[in-house]
Amino acid sequence: MANAPHGGILKDLYLRDAGKQDQLRAEASTLPSLVLTDRQLCDLELILNGGFSPLEGFLNQKDYNSVVKDIRLANGVLWSMPITLDVSQKEVTDLKIAPKQRITLLDSRDYEPLAILTVEDVYKPDKSFEAKNVFGADDSAHPAVHYLHTIAKEFYVGGSLQAVQPLSHYDYVSNRYTPSELRAHFKKLQWTRVVAFQTRNPMHRAHRELTVRAARQRKAHLLIHPVVGLTKPGDIDHYTRVRVYKALMPKYPNGMAELSLLPLAMRMGGPREAVWHALIRKNHGVTHFIVGRDHAGPGKNSQGVDFYGPYDAQELCEKYKSEIGIEIVPFQMVTYCPDSDEYLPADEVPEGVKTLNISGTELRRRLKTGLPIPEWFSYPEVVRVLRQSHPPRDQQGFTVFFTGLHASGKNAIARALQVSLNQESTRSVSLLLGENVRQELSSELGFSKRDRDTNIARQAFVAGELTRAGAAAIVAPIAPYDEARQKARKEIEKYGGFYLIHVATPLSECERLDRDGVYERARKGEIKEFTGINDPYEQPKNADLTVDITKQSIAQAVHEIILLLEKDGYIGSK
Ligand SMILES: Nc1ncnc2c1ncn2[C@@H]1O[C@H](COP(=O)(O)OS(=O)(=O)O)[C@@H](OP(=O)(O)O)[C@H]1O
């Protein structure tokens with residue numbers, strides 16, 4: 001038998017409201033509506049499917065105060081995380097949010113109605129108090145505190161929900177199970193004792209060993225239950241992680257383990273989060289839950305000290321264990337002992353015995369540089385998935401962004417660079433020359449600062465997308481303003497390499513080389529806002545390379561760019 005839900009009854013609002021769906025859908029189209037944020041969508045899904053039982057809606061003020069202060073709902077039931085619906089003053093006014101008002105909650109991706117909220121109250125939270133009590137400190141180095149102060153809006157709306165329809169998912173649909181579905185699945189498999197493993201990271205051999213040990217100790221089956229909602233900023237994306245989990249699953253003996261994805265928005269709340277995770281797993285029918293070292297830890301505070309002690313989460317779970325109603329399996333991380341070629345829990349390694357580990361940072365470095373990742377650490381199938389998502393530099397995209405005056409030689413260098421890069425077979429090379437962009441992308445723009453900034457932002461967007469896709473993008477606008485160039489760098493560096501090349505040929509030489517006579521016309525005042533004549537050009541301060549065709553040939557300039565790209569590993573194989 002699966003574990004009893006928290007509070008005794010599984011609040012699967014989809015099942016509860018199934019008979020009224022047509023009526024609710026019709027009503028939803030007549031009500032004021034609120035478009036949910038990503039975090040709110042995750043929370044809504046788990047309220048509606050019963051993952052957050054006994055909640056049937058977003059917390060009203062009484063429950064909120066009680067959860068924040070006493071870690072329980074106003075009726076005394078243990079609940080550690082405030083699940084709130086934040087709204088702005090404008091939304092309160094525009095939607096006339098007030099007690100008894102019914103509001104349709106919409107999916108931000110397709111504006112489909114998901115639920116109807118019956119408002120109980122609207123209240124202004126004391127966010128600092130919430131931060132201190134729930135997360136242990138009002139310190140914005142904590143991602144959830146940062147969210148609270150900078151993203152969450154100023155009011156919370158409490159109220160109960162009715163389910164209109166489930167959220168649509170388009171990724172890994174067959175691996176997503178609601179609590180009711182998972183309970184049915186366990187029943188079909190005849191699983192009665194199930195240990196759940198929570199993770200937001202890729203899994204390697206150590207995790208496989210740890211989970212099998214937990215299953216063995218408790219004579220249970222295993223549920224790998226990773227979070228695919230929102231995790232810590234900077235984490236590996238869930239698409240990659242799910243491919244990793246799928247590559248790992250065959251490493252368990254047949255029938256031992258199942259994979260199910262949890263659409264949770266994590267808060268990285270350490271001890272409070274561990275209790276919350278345990279309650280969520282209990283609602284999914286699980287009987288045992290692994291809580292490791294530094295469970296859901298957010299890292300260091302603004303003083304450089306860990307927010308939580310390594311075992312705080314285990315201790316809080318222990319304190320509330322009779323109410324949590326799921327057996328906590330506290331676990332030390334296992335570590336590899338090369339001499340005996342085995343994994344042992346860190347506290348069971350005999351003194352003096354050599355151990356090996358590869359940290360997350362070291363793993364990322366090896367992925368980046370293409371260095372080997374040993375088989376004792378991970379499975380080749382897992383490493384293959386990670387390498388596909390983290391290709392080495394010679395398979396990543398980059399942008400070479402030229403800036404310089406008209407007729408400075410930037411177009412000639414850009415064309416020659418394209419030809420030179422075309423010799424490499426590894427990437428497609430796209431060239432965006434200023435004049436072509438002005439025709440194809442920016443034909444309605446003029447040469448005011450605002451229009452030039454828009455023009456550069458468009459090129460940065462296109463170059464960013466090409467870079468993300470692994471291509472080489474060469475852009476060659478005049479780009480006279482530093483701020484626009486910096487923004488382009490920031491946008492593109494998210495996806496791959498970025499090189500700002502300043503073609504610093506002096507104006508006099510540009511005028512001499514100008515074949516179309518545009519400088520002459522600008523000097524006569526026939527062309528307004530012409531860069532270098534009657535419009536500014538801000539010299540770049542952070543160019544990766546400066547070239548000048550009065551000092552070097554086109555071939556030499558191209559070669560210097562090639563040398564830069566080679567140094568960073570984008571071309572040539574090491
Ligand atoms: N007022 C004024 N100022 C500067 N340039 C002008 C102007 N009017 C037309 N042109 C011609 O437009 C070409 C493309 O300019 P850009 O799009 O690169 O300019 S910007 O980056 O948006 O500032 C640019 O050509 P290239 O330098 O060959 O790309 C200019 O010759």
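Numbering of ligands and ligand atoms starts at 1, following listing order. Positions are given from 1, in the same order as the sequence printed here.
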* Answer yes or no: does an N/O atom from Pro477 fall short of 3.5 Å to an N/O atom of ligand 1? =>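 No.
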
* Quick check: does Ala479 get an N/O under 3.5 Å from an N/O on ligand 1? ->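 Yes: some nitrogen or oxygen of Ala479 is under 3.5 Å from one in ligand 1.
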
When you measure from [atom] to each heavy atom in [options], which option holds the nearest one?
atom                    : options                        : result
atom 29 (O) of ligand 1 : Lys449, Arg485, Arg452, Lys410 : Lys410
atom 17 (O) of ligand 1 : Arg438, Arg521, Gln459, Gln439 : Arg438
atom 26 (P) of ligand 1 : Arg458, His406, Lys528         : His406

* **Region of Asn455 that comes within reach of ligand 1 [heavy atoms, distance under 4.0 Å]** =>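 Side chain only.
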
* **Note: Glu381-Arg384 ion pair, threshold 4.0 Å (strictly below)** =>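 Judged by the 4.0 Å cut-off on N to carboxylate O distance, Glu381 and Arg384 do not form a salt bridge.
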
* Any Asn411 heavy atom less than 4.0 Å from ligand 1 ->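 It does, in that a heavy atom of Asn411 comes within the 4.0 Å cut-off of ligand 1.
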
* **Flag if over 12 foreign heavy atoms under 6.0 Å of CD, Glu526** =>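 Yes, the 6.0 Å shell around CD holds more than 12 heavy atoms from other groups.
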
* **Glu538 atom CD, over 12 foreign heavy atoms within 6.0 Å** =>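 Count over threshold, so yes.
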
Min side-chain heavy-atom separation [X]-[Y] under 4.5 Å:
X      : Y      : answer
Leu507 : Leu405 : yes
Leu161 : Leu117 : yes
Val134 : Arg267 : no

* Asked: Can you say whether the rings of Phe401 and Phe498 are parallel (under 30°), tilted (30 to 60°) or perpendicular (over 60°)?
  ->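 Ring orientation of Phe401 relative to Phe498: tilted.
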
Look at [atom] and say which protein heavy atom is nearest, naming residue and atom and giving the distance to 0.1 Å.
atom                    : value
atom 24 (C) of ligand 1 : Ile478 CD1, 3.9 Å
atom 4 (C) of ligand 1  : Thr531 OG1, 3.4 Å
atom 10 (N) of ligand 1 : Phe447 CZ, 3.4 Å

* Quick one: which ligand 1 atoms are inside 4.0 Å of a heavy atom on Ile456? ->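 Answer for ligand 1: 21 (O).
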
* Proximal atoms of ligand 1 relative to Glu529 (non-hydrogen, under 4.0 Å) ->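 Taking each heavy atom of Glu529 in turn, ligand 1 has 1 (N), 2 (C), 3 (N) under 4.0 Å.
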
* To do: Measure from atom 2 (C) of ligand 1 to the protein's non-hydrogen atoms and state whether any distance is below 4.0 Å.
  =>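 Given the 4.0 Å cut-off, atom 2 (C) of ligand 1 counts as touching protein heavy atoms.
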
* **Cation-aromatic face contact Arg427/Tyr570, 6.0 Å, 45 degrees** =>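 Output no; distance or angle outside limits.
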
* To do: Rounded to the nearest 0.5 Å, what's the gap from OH on Tyr537 to OG on Ser408? Could you check?
  =>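 The distance works out to 7.5 Å.
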
